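Atoms within each ligand, like the ligands themselves, are counted from 1 in listed order. In this chain, residues are counted from 1 in sequence order. For clarity, every value in this text was computed on a predicted model and none was experimentally measured.
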Amino acid sequence: MADPADFPFEFACRRSGNCCAIPGGVVRVDDADVRAIAAYLGMSAEAVRSRFVHRDGDRLLDGLGSRCVFLGEGERAGEAHCTVYPVRPQKCRDWPFWPEALERPELLAAMQRRCPGITERA
Ligand code: SF4
């Protein structure tokens with residue numbers, strides 16, 4: 001993971017789930033991510049790729065409403081949760097300290113608008 005000190009913000013997760021609802025398949029996955037999810041779900045890696053990974057092979061599909069295919073609903077508002085949390089992809093573990101956010105101001109701005117846990121550095 002990139003060094004959080006290199007980023008122009010502070011972060012404390014507020015459990016909004018908004019980082020899991022960015023349309024466009026931004027959640028990149030590699031073979032290790034797919035294998036871990038497959039083991040957790042008791043499926044083959046091929047089956048996970050077939051059901052949950054875009055055909056280009058390196059990003060999760062969007063689910064309903066352009067949310068991550070693994071974002072599950074809670075019983076009450078604000079209780080959305082990751083259904084593969086113990087084995088969530090490295091990209092999710094690194095949020096919001098994505099190196100590309102330092103290179104793409106428009107991406108950083110979009111992340112800051114979406115995530116209430118990202119705040120100005122004091
Ligand atoms: S895999 Fe889990 S943590 Fe990652 S975007 Fe999907 S729901 Fe969120």
Only counting residues at least two apart or in another chain, list the ones meeting side-chain hydrogen bond (donor to acceptor under 3.5 Å, both in side chains) with R51.
none

Can you tell me how far CG of L108 sits from CD of E103, rounded to the nearest 0.5 angstrom?
11.5 Å

Looking at side-chain heavy atoms only, is the closest gap between L71 and T83 below 4.5 Å?
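Not in contact.
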
Would you please name every residue forming a side chain to side chain contact (heavy atoms under 4.5 Å, CB included) with A109, sequence neighbours left out?
R113

Residues at least two apart in sequence or cross-chain that pass side chain to side chain contact (heavy atoms under 4.5 Å, CB included) with R35, listed by chain then number, are D31, A32

Short list, please: which atoms of ligand 1 are under 4.0 Å from a heavy atom of P89?
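Listed by number with element, the hits are 1 (S).
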
What are the protein N/O/S atoms, named by residue and atom, that sit under 2.8 Å from atom 8 (Fe) of ligand 1?
C20 SG

Should the pair W95 and W98 be assigned to parallel (<30°), tilted (30 to 60°) or perpendicular (>60°) ring geometry?
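It falls in the perpendicular class, over 60°.
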
